[in-house]
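Side chains included, hydrogens not; waters and symmetry mates left out as well; all remaining heavy atoms used.
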Amino acid sequence: MIEENSALTRTANSKSSGISAGWLALIIALAVIIADQALKIWIKTNFYLGEDLEILKWFHIKFIENNGMAFGLELWNKFVLTFGRIIAVVLFIWFIVKIKDVKEIRKGFVVAVALIAAGAAGNIFDCVFYGKLFNNPMPPEIATVFPADGGYAGWFEGRVVDMLYFPFFDFYWPEWMPVVGGDYFEFFAFIFNIADSSICVGVALLILFYSKDATIAFKAIGNENKSNESSRLK
């Protein structure tokens with residue numbers, strides 16, 4: 001009777017825990033990637049490059065593109081960067097699979113890692129496919145999907161689409177200020193996309209709330225590797 005009650009208690013606890021960490025990570029990742037790509041494709045096929053639509057004074061939709069590389073590196077470095085991102089996403093997925101069932105790790109930690117992986121994957125799609133999927137007409141013409149004369153670039157040569165712009169406030173520094181006197185300043189002049197936001201939110205969650213979970217996760221993977229190595233030696 002006692003064993004039966006224990007079994008019922010375990011079943012109840014399992015049901016009350018809700019969706020598993022693995023499924024939650026998958027759902028969130030897919031939601032981020034689908035939303036990111038849907039918005040990018042809509043922007044690409046409805047806005048011309050450089051178009052700026054003011055939704056609110058502090059929130060604009062502004063279509064720009066970037067080559068996804070830091071400091072304007074040359075094309076061959078872009079290939080290296082894109083493949084590096086693909087490897088990073090694969091490692092993130094492997095990491096989630098390894099730690100999703102570790103009881104000591106909170107679901108929020110798995111969600112944070114999934115957000116980072118999904119954001120990286122979202123921008124990879126642009127780099128890998130957009131050069132072939134779209135043309136690149138001169139403004140104010142709008143790009144078309146699967147153009148008859150081919151895309152604007154080859155595989156892995158596409159540019160990342162950005163559109164979210166929050167110019168909260170701007171001003172000119174007083175002339176009497178040293179160095180920056182008379183210069184124009186805009187607070188938060190960055191233009192980004194949903195994938196970028198996903199990465200930033202994931203990283204912020206890890207730093208602010210889940211640093212201990214990260215330690216537990218790496219220890220769990222290390223212990224598993226040691227156990228597997230011991231089994232092979234036997």
Between the side chains of Tyr184 and Asp170, does any donor sit under 3.5 Å from an acceptor? yes
Just wondering, do Val102 and Ile221 contact through their side chains at under 4.5 Å, heavy atoms? no
Any donor and acceptor pair, going by atom type alone, linking the side chain of Lys44 with main-chain N or O of Leu39 inside 3.5 Å? no
Less than 4.0 Å between a side-chain N and a carboxylate O, is that true for Asp126 and Arg159? no
When rounded to the nearest 0.5 angstrom, what is the spacing between CZ in Phe185 and CE in Met177? 11.0 Å
Plane angle bin for Trp42 and Phe47 - parallel if under 30°, tilted between 30 and 60°, otherwise perpendicular: perpendicular
CD1/Ile41 to CD/Gln37 distance, rounded to the nearest 0.5 angstrom? 5.5 Å
Would you call the rings of Tyr130 and Phe134 parallel, tilted or perpendicular, taking 30° and 60° as the class edges? perpendicular
For the pair Phe188 and Phe192, name the ring-plane relationship: parallel under 30°, tilted 30 to 60°, perpendicular over 60°. perpendicular
Closest non-hydrogen atom pair between Pro167 and Glu186, with its separation: CB-OE2, 3.1 Å
Phe95 and Phe218: side chain to side chain contact (heavy atoms under 4.5 Å, CB included), yes or no, with the steps? CA-CA 9 Å; Phe95 184 73; Phe218 285 117; 3.8 Å; yes
Mind checking whether Leu164 and Ile191 have side chains closer than 4.5 Å, heavy atoms only? no
Looking at Asp196 and Asn193, would you say the former's side chain and the latter's main chain have a donor-acceptor pair under 3.5 Å? yes
Side chains of Ile142 and Asn46, heavy atoms from C-beta outward: is any pair under 4.5 Å? no
Shortest non-hydrogen contact from Cys127 toward Thr82: CB-OG1, 3.9 Å
Ring geometry between Phe129 and Trp155 (parallel below 30°, tilted from 30 to 60°, perpendicular above 60°): perpendicular
Can you confirm whether the side chains of Asn135 and Asp149 place a donor and an acceptor under 3.5 Å from each other? no
May I ask you to test the Phe156-Ile86 pair for a side-chain heavy-atom distance under 4.5 Å? yes
Are any side-chain N or O atoms of Glu141 and backbone N or O atoms of Met138, one a donor and one an acceptor, separated by less than 3.5 Å? no
Please check this pair: side chain of Ser198 against backbone of Val32, looking for a donor-acceptor N/O pair closer than 3.5 Å. no
Taking Arg106's backbone N and O only, do any of them form a donor-acceptor pair with Asp213's side chain (distance below 3.5 Å, no angle check)? yes
Can you find a pair of side-chain heavy atoms, one from Lys40 and one from Met163, that are under 4.5 Å apart? yes
With a 4.5 Å cut-off on side-chain heavy atoms, are Leu24 and Val110 touching? no
Is there a side-chain contact between Glu65 and Leu49 in this structure, where contact means two heavy atoms from C-beta onward sitting under 4.5 Å apart? yes
With no hydrogens and no angle check, just 3.5 Å: does a side-chain donor-acceptor pair link Asp36 and Asn123? no
Where do Glu157 and Lys132 land on the salt bridge (Lys or Arg N to Asp or Glu O under 4.0 Å) test, with the steps shown first? CA-CA 9 Å; Glu157 297 177 12; Lys132 283 290 187 181; over 6 Å; no
Just how far is it from atom CG of Leu133 to atom OG1 of Thr45, taken to the nearest 0.5 Å? 11.5 Å
Please determine whether the number of non-hydrogen atoms from other residues, nucleotides or ligands lying under 6.0 Å from atom CZ of Phe190 exceeds 12. no
May I have the step-by-step check of side chain to side chain contact (heavy atoms under 4.5 Å, CB included) for Phe63 and Tyr165, ending in yes or no? CA-CA 9 Å; Phe63 173 30; Tyr165 176 38; over 6 Å; no
Got a second to check how far Phe59's CZ is from Phe166's CZ, nearest 0.5 Å? 4.5 Å
Show, in sequence, the C-alpha distance, side-chain angles and deciding distance for Trp173 and Phe171, and conclude whether the ring pair (Phe, Tyr, Trp, His ring centres under 6.0 Å) test is met. CA-CA 6 Å; Trp173 291 102; Phe171 59 86; 5.0 Å; yes
Could you tell me the separation between the CZ atom of Phe109 and the CD1 atom of Ile96, rounded to the nearest 0.5 Å? 9.0 Å
Report the distance from atom CD1 of Ile124 to atom CZ of Arg85, rounding to the nearest 0.5 Å. 7.0 Å
